[in-house]
Amino acid sequence: MQHNMTQISSAPLTSPNSPLFLSPASRSTTLVSIKFRIRSMSSHIVGYPRVGAKRELKFALESFWDGKSSAEELQKVAADLRVSIWKQMADVGIKYIPSNTFSFYDQVLDTTSMLGAVPSRYGWNGGEIGFEVYFSMARGNASVPAMEMTKWFDTNYHYIVPELGPDVEFSYGSHKAVQEYKEAKALGVDTIPVLIGPVSYLLLSKRAKEVEKSFSLLSLIDKILPIYKKVVAELKAAGASWIQFDEPSLVMNLDSHQLDAFTHAYKELESSVSGLNVLIETYFADLTAEAYSTVTALKGVTAIGFDLVRGPKTLDLIRKGFPPGKHLFAGVVDGRNIWVNDLEASLSTLKALEGVVAKDKLVVSTSCSLLHTSVDLVNENMLDGELKSWLAFAAQKLLEVNVLAKTLSGQKDEAFFSANAAALASRRSSPRVTNAAVQKAVRTAALEEFDHRRATVVTARLEAQQEKLNLPILPTTTIGSFPQTAGLRKVRREYKAGKKVSISVEEYVETIKGEIADVIKIQEELGIDVLVHGEPERNDMVEYFGEQLSGFAFTENGWVQSYGSRCVKPPIIYGDVSRPKPMTVFWSTLAQSMTKCPVKGMLTGPVTILNWAFVRNDVPRHETCYQIALAMKEEVEDLEKAGIKVIQIDEAALREGLPLRKSEQAFYLEWAVHSFRITNSAVEDATQIHTHMCYSNFNEIMGAIKDMDADVVTIENSRSEQKLLSVFSEGVKYEAGIGPGVYDIHSPRVPSTREIAERIEAMLAVLDAKNMWINPDCGLKTRKYSEIMPALTSMVAAAKLVTHLHVRTSSHTDSGSPIPSWELGHGVPCKGIGLLSRRAEGTTSG
């Protein structure tokens, strides 16, 4: 294979006013000559992980946010990452390499910046948007909260939700897309600039506060298209020959009005994109027949990309007819999982498409951006050879795309195909994958008629629980985790390393015991009612359990971005799942022995473990979920036997797994909710079962949440402007306990007592005070003690303030009965007189 050497141009790469881009000072150490293969094959990558193989972006961001490094140093790390990604793709031989898929926080936020759609509270007055405004929108600042964050379709990635209304003045606020294209071009790599498409951007947005519900966000399409036209014009002037518009909303159930918006938008863009090849990229699901007809008829569009992994039914639509002369980008390599591709099966699909699409118009691609996979398998030294041979991370998926493209052009790599076939055969026949006892247990327990509901209704259970717990009205709690210091993480790493580092089991236990004691004491002094042990022994809420369950494997560096600098390391579920021994009982009972307050036993639910893992693809997902549920059921029952009175089974990702296609949602909710009920179906009435959910749109699945039959649900609420409460204001009756989050833990901002009290008052307008809990949105692991201490102080003080101002305005309940003394915060058994007095004083830093 021939190679080209391209000398780097010294032409300027950036606007001097844009701190979101590479500065001249950092450019000198970043620009290097790139040697790459001639890219003659029809291969394409939708997008690529941007955090770096060793989370370089995460550490650079957090250093910058902490004031330990400069903006220029952050830009330098980012530029190095972009160069390495482009170089890697070029070296492999990928023809269509994307640019503008890098982001300092989120690609939707980047689009908001490009359009200048900055909410007025951030004080932006025009010009190129810099880090201060950008990160304030993402994270909030000392004076204003962050924008809402929610899940990106059915993934664990979170995006920053645009806030739009009729009065938004759009302007070209960020030239990032053009700048990054020029940066790559100067390196000798001609990329496809990627933009979030205009219609998907609006469909992913929300109405700004105070905007009427009747306002149509799609009515803004003609206001944002002029900005898109400017970006396209600058890309054309810079030499771009292709442009990619990501329109993932096309896979949703869209009505005719929404589909018409795509037709209108691309008709309006047609003259602007003249002379460019325009790719419309869709992913995550099948297209409906109506959406397929719409996208294939769009004006000015020369190529369409389809997810043929999660959307195989789209193949039927393609076979019935694909526009002649247009390129088809076939997403046959899975961008959402880490198993090796079945190359022969993919090749068969591609060969079939050659009967519909001209051979020179067929492009091999990933099903979606590789953002959702781990970066590079080469960094994994602890996985055994057999298991490793079954896996392909993002870097390996580049090779799979390229080898398929080469095969279509008549250059089949027989050795690569042979190794792939051997790996697939090894996985199918490996005894580590199947466990007959587990499969029998699933057939017996989960697939029979019994629906695993608790025998007593929730209202009766709450009465039995109150007799034991004796909680005040508006009880306070936290979601589970407390901040993890660098010292704590170091101890945990050393203990996990075993013989390689000198820390004994006894030393480790004493360290964790000390952390738990500190967290218990903090909560007691704050006056919190139901405590947590802080989870100092846990690295991650899924990984911790997976490490103790059979059928799971773990990576050293298999990080995946969740949002901003937050990365997760999903476990790999490769086989049948069971619980060899108790996982949390020791630490939970230890914590409970330190206090008279109830301490929650903390578990991660089966659906969340499933949805936040790389799941085996050789059996149906619901079968694996039932296996996990049975394992967690054993843990719940052991906690109850050990005297734990409150057990939280987090299902943070239940909504996340909801299929995008409405026709598939009922079946998912049926087995997902059933899996949760399995875990706690056998506990006594007096044992209180909590669950927690976060950062998704829950309004449409409130029926399923009720069907989970938990005693208390704590749920994200504050960052979404309390839109969850609209469900209850519209008459939904919820008889279980509910704790809508009163402050956003994903922002460093500390709320005041008044602010939290106002949120609680808004909740009490639609919720019964007897059923309501006061808690943060999520766990506190990602925050610092200097942030959570004043925030929790404000939260507890606000709960007490509202108890005095709201509940005590009447000495009777709505039914006319006197309010019991426990409801007024008296007689709480776990606190001493001093602590009760301190809480009553309502001391706060807010």
Ile221: which of Leu217, Ile224, Leu218 passes side chain to side chain contact (heavy atoms under 4.5 Å, CB included): Ile224
Between Ser113 and Ser174: side-chain donor-acceptor atoms closer than 3.5 Å: no
Is the number of heavy atoms from other residues, nucleotides or ligands under 6.0 Å of Lys58 NZ greater than 12? yes
Measure across Phe306 and Ile304 and return the closest heavy-atom pair with its distance rounded to 0.1 Å. CZ-CG2, 3.3 Å
Non-hydrogen side-chain atoms of Lys397 and Val401 separated by less than 4.5 Å: no
Validation row, ring centre Trp242 to ring centre Phe329 under 6.0 Å: yes
Which pair of non-hydrogen atoms, one from Ile318 and one from Val356, has the smallest distance, and what is that distance? O-CG1, 3.4 Å
Mind running side chain to side chain donor-acceptor pair (under 3.5 Å) on Gln561 and His372 for me, showing each step along the way? CA-CA 7 Å; Gln561 185 182 26; His372 310 289; over 6 Å; no
Do side-chain atoms of Glu180 reach the backbone of Asn100 as a donor and acceptor pair under 3.5 angstrom? yes
Run the side chain to side chain donor-acceptor pair (under 3.5 Å) check on Ser200 and Glu247 step by step: do they pass? CA-CA 5 Å; Ser200 287; Glu247 292 282 13; 2.6 Å; yes
For the student: nearest non-hydrogen atoms of Ala405 and Ser42, plus distance: CB-O, 3.6 Å
Assess the pair Phe614 and Tyr574: is the distance between their ring centroids shorter than 6.0 Å? no
Residues Ser426 and Trp390: side-chain donor-acceptor under 3.5 angstrom: yes
Any sub-3.5 Å donor-acceptor pair from Thr111's side-chain atoms to Gln107's backbone N or O? yes
Start with the C-alpha distance between Asp154 and Arg336, add both sets of side-chain angles, then the distance that settles salt bridge (Lys or Arg N to Asp or Glu O under 4.0 Å), and finish with yes or no. CA-CA 11 Å; Asp154 59 347; Arg336 294 275 298 272; 3.2 Å; yes
With a sphere of 6.0 Å drawn around NZ of Lys54, does it hold more than 12 non-hydrogen atoms of other residues, nucleotides or ligands? no
Tyr105 side chain to Asp110 side chain, donor-acceptor N/O pair below 3.5 angstrom: no
Checking the side chain of Lys569 only, and the main-chain atoms of Thr555 only, is there a donor and an acceptor separated by less than 3.5 Å? yes
Take Thr112 and Tyr201, measure what side chain to side chain donor-acceptor pair (under 3.5 Å) needs, and give me the verdict at the end. CA-CA 9 Å; Thr112 294; Tyr201 176 79; 2.8 Å; yes
Evaluate the side chain to side chain contact (heavy atoms under 4.5 Å, CB included) criterion for residues Leu399 and Phe416: first the C-alpha distance (whole Å), next the side-chain angles of each, then the deciding distance (0.1 Å), finally the verdict. CA-CA 10 Å; Leu399 299 174; Phe416 199 102; 4.2 Å; yes
Any Val108 side-chain heavy atom under 4.5 Å of Pro162 side chain: yes
Assign the ring pair Tyr159 / Trp152 to parallel, tilted or perpendicular, where the plane angle (0 to 90°) is split at 30° and 60°. perpendicular
All heavy atoms of Asn253 vs all of Leu660, minimum pair found to be OD1-O, 3.4 Å
Using only atom types and a distance under 3.5 Å, with no angle test, would you say the side chain of Asn277 pairs donor to acceptor with the backbone of Thr302? no
Pairwise side-chain contact, Ser99 with Val194, heavy-atom cut-off 4.5 Å (strictly under): no
Ignoring hydrogens and geometry, is there a side-chain-to-backbone donor-acceptor pair from Ser367 to Gly335 under 3.5 Å? yes
Of the non-hydrogen atoms in Leu287 and Leu317, which two are nearest, and what is the gap between them? O-CD1, 3.4 Å
How about Tyr48 and Gln88: does a side-chain donor come under 3.5 Å of a side-chain acceptor? yes
Would you check if the side chain of Lys388 reaches a backbone N or O of Glu380 as a donor-acceptor pair within less than 3.5 Å? yes
Stepwise, does the salt bridge (Lys or Arg N to Asp or Glu O under 4.0 Å) test hold for Lys313 with Asp316? CA-CA 6 Å; Lys313 294 178 182 177; Asp316 295 332; over 6 Å; no
Can you confirm whether the side chains of Asp376 and Gln396 place a donor and an acceptor under 3.5 Å from each other? yes
Answer whether the closest heavy-atom distance between the side chains of Cys368 and Phe284 falls below 4.5 Å. yes
Quick one: do Thr294 and Thr263 satisfy side chain to side chain contact (heavy atoms under 4.5 Å, CB included)? Show the steps, please. CA-CA 7 Å; Thr294 297; Thr263 302; 3.8 Å; yes
Less than 4.5 Å apart, side chain to side chain, heavy atoms only: is that true for Ile45 and Pro98? yes
Val199 and Gln258: which non-hydrogen atoms are nearest, and at how many Å? CG1-O, 4.5 Å
Examine distances only and state if a side-chain atom of Asn341 and a backbone atom of Ser346 form a donor-acceptor pair shorter than 3.5 Å. no
Short question: side chain of Lys359, backbone of Leu408 - any donor-acceptor pair under 3.5 Å? yes
On the ring face of Phe102, is Arg82 found with NZ or CZ under 6.0 Å from the centre and within 45° of the axis? yes
Judged by modelled atom types alone, do Glu656 and Trp612 share a side-chain donor-acceptor pair under 3.5 Å? yes
More than 12 foreign heavy atoms under 6.0 Å from NZ of Lys326: is that the case here? yes
Flag side-chain contact, heavy atom, 4.5 Å: Met89 against Val92: no
Would you kindly say whether Arg621 and Asn611 are connected by a side-chain donor-acceptor distance under 3.5 Å? yes
Without swapping roles, check the side chain of Gln411 against the backbone of Ser409 for a donor-acceptor pair under 3.5 Å. no
Between the side chain of Lys236 and the main-chain N/O of Gly275, is any donor-acceptor distance below 3.5 Å? no
Which is it for Lys229 and Glu268 under the side chain to side chain contact (heavy atoms under 4.5 Å, CB included) test, yes or no, and what are the steps along the way? CA-CA 9 Å; Lys229 290 177 181 179; Glu268 288 296 310; 4.1 Å; yes
Is the Tyr563 ring parallel, tilted or perpendicular to the His158 ring (thresholds 30°, 60°)? perpendicular
Quick check, are the ring centers of His622 and Tyr668 under 6.0 angstrom apart? no
Using a strict threshold of under 4.0 Å (side-chain N to carboxylate O), is an ion pair present between Glu344 and Lys412? yes
Tell me, do Val568 and Asn156 make a side-chain contact under 4.5 Å, heavy atoms counted? yes
Whether the Asp246 and Tyr283 side chains hold a donor-acceptor pair (N or O, under 3.5 Å, no angle test) is what I'd like checked. yes
Identify the residue among Val301, Ile280, Leu250 that makes a side chain to side chain contact (heavy atoms under 4.5 Å, CB included) with Phe262. Leu250
Checking Ile85 against Thr101 for the side chain to side chain contact (heavy atoms under 4.5 Å, CB included) test, could you report, in this order, the C-alpha distance in whole Å, the side-chain angles of both residues, the deciding distance, and whether it holds? CA-CA 10 Å; Ile85 291 168; Thr101 56; over 6 Å; no
Which value, rounded to the nearest 0.5 Å, describes the distance between Leu259 atom CG and Ser293 atom OG? 9.5 Å
Quick one: does NZ or CZ of Arg427 land under 6.0 Å from the six-membered ring centre of Trp339, within 45 degrees of the ring axis? yes
Does any non-hydrogen side-chain atom of Leu225 lie less than 4.5 Å from one of Asp222? yes
